[in-house]
Structure formats: structure tokens, C-alpha cells
Amino acid sequence: MTDRNYDEFLEITGSSRSLVEDINGFLLDNNCKREIKTAKSGFTVSYLLQDTKKTLAVFVCRKTGIKIKIYPQRLNEYMNFLDELPANMKKEIAKASVCKRLLNPDDCNPKCVMGYDFIMDKEHYQKCRHMAFMFTVTEESVSYIKEFLNNDLTS
């Protein structure tokens, strides 16, 4: 399942290409539907859950490289997994924006889907849903990214 936009997206992934293709294959093999849109910074490649049509993951292009945003639907069922992540992935989670809506529902757009409230390494976090789980795609992170996605697909 390839198309011109996906091929163009792969062209800009540079050294991350095989890692991106690995994650893409994993998501397609698990019945996710791929959607591609052009954005100011390149492409966004989204993967939707077939049964709910909710977005599970999105590749985004940044100056610092290719990142993937994960939107877990059932994080509470496997939250302990976060403790197993390598330090640099935990750091990306910790530095993500706080969810204003979780802190005070009147501080954010009422149409905004609330963020994630979770525990990682015995510390409580309330992070914005769009930034909480945005990871740089690297050799080290790919297996954890796939495990994270698999947890949501199978839990």
C-alpha cells in the first residue's frame, strides 16, 4: 500500500526512513488506516483505528527530525509500561506541555479533548494530548514505540 504522498514523505525522512517504514508496516499490519496530509513543515501521516476511526499515531516532520505522536486510547490499562521507557523518551514526556483543561476546564477551548492524567516513575503527570507522547524516531526508540502502540492495540 504505497502512494505518491507517502513516497514523498519517505523522501524527507532521511536516515530515519527504515525506522519509519518499520513502524508504518507494523501499524498497517494491525489494521490501522493511513491518511496523509501536507503541512507547513512537510507531511503529517496519521494512522486511524479501523473500528473507532480514532487517531492512534501521527508522524510529523520537525527540524530536529521525524517524530511520532501517540494518542493512546486505553493508557490506564497499561500505564506501568511508561516506567520501562528509556530515559530520553521519559524526558520527552516530562517536558511536554501541561494540559490546561485537566488543571482547570475553563482555561482551554471547551472543544479540546482532555489530555492524559498518568503516573510515570511514581510521579503524577497531566499532559496535553497533542504533546504528551511525541517521540523522536530513533534506533533506540522504535521498539518502544511499537510496544507502546501494541499495548493500545491489544489491551
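Please read these numbers as outputs of a predicted model, since none were measured by experiment.
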* **Heavy atoms of other groups near E139 CD, more than 12 under 6.0 Å** => no
* To do: Report, as yes or no, whether the 6.0 Å neighbourhood of atom NZ on K90 holds more than 12 heavy atoms from other residues, nucleotides or ligands.
  => yes
Can you tell me how far the [atom1] atom of [X] sits from the [atom2] atom of [Y], to the nearest 0.5 Å?
X	Y	atom1	atom2	value
C108	M114	SG	CE	9.0 Å
E140	I145	CD	CD1	10.0 Å
N30	D152	CG	CG	11.5 Å
I93	D121	CD1	CG	9.5 Å
N5	L10	CG	CG	11.0 Å
L48	C32	CG	SG	8.0 Å

Hydrogens and angles aside, do [X] and [Y] bring a side-chain donor and acceptor to less than 3.5 Å of each other?
X	Y	result
Y6	N24	yes
T138	S141	yes
T44	K37	no
R129	Y116	yes

Taking all atoms of both residues into account, what is the closest heavy-atom pair of [X] and [Y], and its distance?
X	Y	value
G115	C99	N-SG, 3.3 Å
E147	F81	CD-CE1, 3.4 Å
L103	Q126	CD2-OE1, 2.9 Å
K146	D22	NZ-OD1, 3.0 Å

* **Ring-ring centroid check Y71 F133, cutoff 6.0 Å** => no
* Asked: So, do L49 and N31 sit near enough that their side-chain heavy atoms are less than 4.5 Å apart?
  -> no
* Asked: Do M131 and K95 come close enough that some side-chain heavy atom pair is under 4.5 Å?
  -> no
Any link between [X] and [Y] through a network of hydrophobic side chains (Ile, Leu, Val, Met, Phe, Trp, Tyr) touching at under 4.5 Å?
X	Y	answer
L75	V98	no
I12	M134	yes
M79	L102	no
F26	Y144	yes
V142	L28	yes

* Asked: Which is it for Q73 and T52 under the side chain to side chain donor-acceptor pair (under 3.5 Å) test, yes or no, and what are the steps along the way?
  -> CA-CA 10 Å; Q73 310 294 314; T52 63; 5.5 Å; no
* Can you check side chain to side chain contact (heavy atoms under 4.5 Å, CB included) on Y47 and V58, steps first, answer last? -> CA-CA 6 Å; Y47 297 85; V58 179; over 6 Å; no
* Is K127 salt-bridged to D117, cutoff N-O under 4.0 Å? -> no
* Asked: Does a side-chain N-to-carboxylate-O contact under 4.0 Å join D107 and R101?
  -> no
* Asked: Passes side chain to side chain contact (heavy atoms under 4.5 Å, CB included), Y125 versus M120? Steps please.
  -> CA-CA 7 Å; Y125 292 93; M120 180 176 70; 3.8 Å; yes
* Asked: Hey, mind stepping through K54 and L56 against side chain to side chain contact (heavy atoms under 4.5 Å, CB included) and telling me if it holds?
  -> CA-CA 6 Å; K54 289 187 179 192; L56 175 60; over 6 Å; no
* **Stepwise side chain to side chain contact (heavy atoms under 4.5 Å, CB included) check, I23 with F59** => CA-CA 10 Å; I23 296 167; F59 281 114; 3.7 Å; yes
